[in-house]
Amino acid sequence: MVITIDGPAGAGKSTAARRLASALGIAFLDTGATYRAVTLRAMRAGDDLSDAGKLAEHARRMDLELIPRSGGLGVILDGRDVSEEIRTETVSRNAHHAAGSPEVRGVLVELQRRIGRDLGNFVTEGRDQGTVVFPDADVKFYLDASPSERARRRSDELTLRGEPASPQTVLQAILARDESDAARSVGPLRPADNAIHMDTTGNSIEDTLAELLQHVRTRTGWEAV
Ligand code: DC
């Protein structure tokens, strides 16, 4: 059973994917963590992030473990827990270098497929999961929300983590990321042809979860455990 959830930053994919996986009793894969890990590894090495060859080298060499934990995903990079560090605004801002490199994407797409094979049944979220990485997925979703709502959610998240930023500042960053996500030539952000579109603006996570489960039930017969 493979369920993909793609969409822009702040559309609620992460929480939705985690909650859906937990409701169905299957695994959860956050593919943004792989791009963030490469970015952090290169930043730590002091490398020039616009050097795609260097970034690809980091992608090939990194030892990355994704461990399910209650309330999130543990990310262990080269033996060190970087679960918090990969989520900082600096890493978010710099991740477009790794995301825009065809060479890095090639390495990470293979890594994501390998992780998927090991997981068996899973919900995966990112930008290209239904289009490129798992084109034969059983159910594909494309989640979106208005830019101002996405900025508000992201700003709340940052405030909770002690990195307060106004929704206006976050909105600018989100719009810039949307543009670079949609414009790249490899793995651009776009809905798969057979994706179910959902707009989560104004919805609680409970509403979104109920809607996702309803679609999964209709298409596959799988129910919440
Ligand atoms: O979903 P996120 O914010 O954790 O993603 C981090 C970065 O990685 C962001 O720049 C988009 C990119 N990304 C991607 O290009 N493809 C994916 N499947 C997942 C994330």
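Given the structure is predicted, the values throughout are model-derived calculations rather than measurements. Start at 1 and go down the list; that is how both ligands and their atoms are numbered.
T169 and S166 form a side-chain donor-acceptor contact under 3.5 Å, judged by distance and modelled atom types alone.
Judged as a salt bridge (Lys or Arg N to Asp or Glu O under 4.0 Å), and not counting sequence neighbours, R219 has no contacts.
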Contact table, ligand 1 N/O with protein N/O, distance under 3.5 Å:
{"residue": "ligand 1", "atom": "1 (O)", "partner": "R127", "partner atom": "NH1", "Å": "2.9"}
{"residue": "ligand 1", "atom": "1 (O)", "partner": "R127", "partner atom": "NH2", "Å": "3.4"}
{"residue": "ligand 1", "atom": "3 (O)", "partner": "R36", "partner atom": "NH2", "Å": "2.9"}
{"residue": "ligand 1", "atom": "3 (O)", "partner": "R177", "partner atom": "NH1", "Å": "3.3"}
{"residue": "ligand 1", "atom": "4 (O)", "partner": "R36", "partner atom": "NE", "Å": "2.7"}
{"residue": "ligand 1", "atom": "4 (O)", "partner": "R36", "partner atom": "NH2", "Å": "3.4"}
{"residue": "ligand 1", "atom": "15 (O)", "partner": "R105", "partner atom": "NH1", "Å": "2.8"}
{"residue": "ligand 1", "atom": "15 (O)", "partner": "R105", "partner atom": "NH2", "Å": "3.3"}
{"residue": "ligand 1", "atom": "15 (O)", "partner": "R184", "partner atom": "NH2", "Å": "2.9"}
{"residue": "ligand 1", "atom": "16 (N)", "partner": "R105", "partner atom": "NH2", "Å": "3.0"}
{"residue": "ligand 1", "atom": "18 (N)", "partner": "T31", "partner atom": "OG1", "Å": "3.0"}
{"residue": "ligand 1", "atom": "18 (N)", "partner": "R127", "partner atom": "N", "Å": "3.2"}
{"residue": "ligand 1", "atom": "18 (N)", "partner": "D128", "partner atom": "OD1", "Å": "2.9"}

Under 3.5 Å, which donor-acceptor pairs do the side chains of residues 8-15 form with other protein atoms, sequence neighbours left out?
{"residue": "K13", "atom": "NZ", "partner": "G7", "partner atom": "O", "Å": "2.9"}
{"residue": "K13", "atom": "NZ", "partner": "P8", "partner atom": "O", "Å": "3.0"}
{"residue": "S14", "atom": "OG", "partner": "E125", "partner atom": "OE2", "Å": "2.9"}

Side-chain donor/acceptor pairs under 3.5 Å, residues 18-28, sequence neighbours excluded:
{"residue": "R19", "atom": "NH1", "partner": "E206", "partner atom": "OE2", "Å": "3.3"}
{"residue": "R19", "atom": "NH2", "partner": "E206", "partner atom": "OE1", "Å": "3.2"}
{"residue": "R19", "atom": "NH2", "partner": "E206", "partner atom": "OE2", "Å": "3.1"}

Q: Show your working on side-chain hydrogen bond (donor to acceptor under 3.5 Å, both in side chains) between S92 and R36 and close with a plain yes or no.
A: CA-CA 7 Å; S92 300; R36 290 171 178 272; 3.1 Å; yes
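Atoms CG and CG, from D51 and L55 in turn, are 7.0 Å apart once rounded to the nearest 0.5 Å.
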